[in-house]
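The residues of the chain are indexed from 1 along the displayed sequence.
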Amino acid sequence: MATRNLCVILVIISLSAYGSLSQAPPPPPNSACNDVFVSYTYNGGRPVPPFDSTNQAYRFESTVTVLNNGRDELKSWRVYVGFQYKERLTSATNAVLADGTPLPGFVGNGTEFVGFPETDLKTAIDTAGDLTQMEVRVELVGTQFGVGDPDIPLPNNLTLVNDGYTCPAATTQGNEMHLCCSRNGSSRLDNNLEDNFLPRQDGDVIIMYDVTSTYENYYWAQVNISNHNPLGRLDNWKLSWEWMREEFIYAMKGAYPSVVDTRDCIYGRQGKHYQRMDFSQALSCEKVPTIIDLPPTSENDTNLGLFPLCCRNGTILSPTMDPSKSFSVFQMQVFKMPPDLNRSFLIPPQNWKINGTFNSDFECGPPIPVSPSHFSDPNGLPSIRSAVASWQVVCNITHFKDQSPKCCVSFSAFYNDSVVPCSTCACGCNTNPSQTCSANETALLLPYSTLLLPFENRTREALEWARIKRMTVPNPLPCGDSCGVSINWHVLSDYRGGWSARITLFNWDDNAFEDWFAAVQLDKATPGFEKFYSFNGSALPESNNTLFMQGLPNLNYLLAERDGDNPRKDPRVPGMQQSVISFTKKKTPGINVAGEDGFPTKVIFNGEECALPAIRPSSGHKTTAAPFAFVIVLALLFIH
């Protein structure tokens, strides 16, 4: 009997043990991934004040994990997280935002993370499975709106952004999203690396951050800003970045901080560490300094100038216009702070931004380590010097939805005696509710002569023209275009073998434009282009539909608006330049000049795309171009 009971007990124990084994937890998802594993885990949250039942704010804490289980080192990892609940990110460890947004910042439309200070993830093969070198964990803290317990505020998308990888849709399990991204077979890492660095990328503006010499507690860096957009430029550029390790700028050559302020050093850790330093000689201790170019008068300054390719007053021209003036360079001495006092410990600043006064906004990526730059020997010797370390920042033009153009276009033609003016509020409108014009009414057609008048002086002529042409006049009248620069495109002639146009640039601004340029896109007419008569222009070699133009040597100055000869009664006069352009029809058979083929579909002035009218002049009423030509000649006489 005892033996039987013992056997029963043993069987029960065995079954219990078997049951325990059968209920063992499944292996973690990353164990089945043989390439790059990415996950997003929501760790928890709680409501935060103010308490609002319709739009409650919640603190959230999450973790983004990137694990390299593949055979190739993951260089400069980049992960996109598709936040969707109006999130504001307060902090992130081991990473920064790729678009340069400082924290705290809004990320509710999704954002991209990049590694900082470590950017690369090594393989298990190279590290004997050392997770500290294979994996990065980004701890996120922020605020989201509207998703409280028991719901989980997961993003709507998660993916690895690095080139050469393919990622499936993420799998969601409870409070976690994860996926395994595989390297494309045709883009193995060994084929893309140059000296174990990622290849350099292209963009509208490229910024190189080159460390040229390094010491225990400071280094010298050279910053090169180059314009790679054939139709882009920068005027009065301003460059900023964010120091992440309490660095400060002591000296510069070729550029200068917009604000010279060393208070943060004097009263901060820098002053305690460098007690014997004369901070009255330092230039900037701001965490986010703004750097500006020097004027040409500083080119021979012994302290700030005497540096090649500097001191152009912030102007970086299009490479199409002048390759030698399409970049700007400066140097600076950067002091470091403990625990970074090691000559080989070099970390570039993050969150780069650049803009100009009459230019589009740019969105800059993070600094990516690239192969060290090479420079010609400063002493003229036939040798090349290498940078100690180099990083590349790629910036591309971005257009925001609420951004207004800065220039506009009017259309006219020899076969119609009315001008289609710039559109109402083409460059924005005054939001003052007391204004006495309509921002929604279509601009009135105008006689040629009004193109030389400021908008506020056109009313009488516009109303008289509407009466003569029996056009309906809205009440209130349409608002003006509010543009500092307007461009008139006039179809001058159309005959069997060819046709011609005249382009006129008007500057209504108080500032002149030196070294201006413009471009027009003619979808069907460009192959027939012959010549500019008063501009230096040509068809862009890399495009089959764009004409590029600039002023002739010593005539490339678009003057500012000025007073009339008798300011008491004469309206102000715009700065102006014009040229006739001839075309042949031999290379464009079937072209319909009077239709839409004779008018540009895009116009650019100094890198900015101009607003176009919605209609073209109709060919119903033939007339002559003589009146407008007479007005132009008369204006030129006044200007000269």
Modelled atom types, side-chain donor and acceptor of [X] and [Y], under 3.5 Å:
X	Y	answer
Thr526	Asn544	no
Asn227	Ser326	no
Asn313	Thr315	no
Ser373	Arg200	yes

For this session: Taking atom CG of Asn566 as the centre, report whether more than 12 heavy atoms of other residues, nucleotides or ligands fall under 6.0 Å from it.
Result: yes
Exercise. For the Cys pair Cys427 and Cys407, is the SG-SG distance shorter than 2.5 Å?
Worked result: no
Exercise. With respect to the side-chain SG atoms, do Cys483 and Cys610 come within less than 2.5 Å?
Worked result: no
Atom pair [atom1] ([X]) and [atom2] ([Y]), whose distance is rounded to the nearest 0.5 Å:
X	Y	atom1	atom2	answer
Trp465	Leu446	CH2	CG	9.5 Å
Ser318	Gln550	OG	CD	8.5 Å
Tyr557	Gln577	OH	CD	11.5 Å
Asp235	Phe513	CG	CZ	7.5 Å
Leu505	Ile487	CG	CD1	4.5 Å
His374	Asp210	NE2	CG	10.5 Å

Exercise. Under 4.0 Å between a Lys/Arg side-chain N and an Asp/Glu carboxylate O for Asp597 and Arg616?
Worked result: no
Exercise. Any ion pair linking Glu461 and Arg458 (charged N to carboxylate O, less than 4.0 Å)?
Worked result: no
Problem set entry | Sub-4.5 Å side-chain heavy-atom contact between Tyr209 and Trp352 | yes
Problem set entry | Qualifying salt bridge (Lys or Arg N to Asp or Glu O under 4.0 Å) pairs with a residue from residues 311-325, counting only residues at least two apart or across chains | none
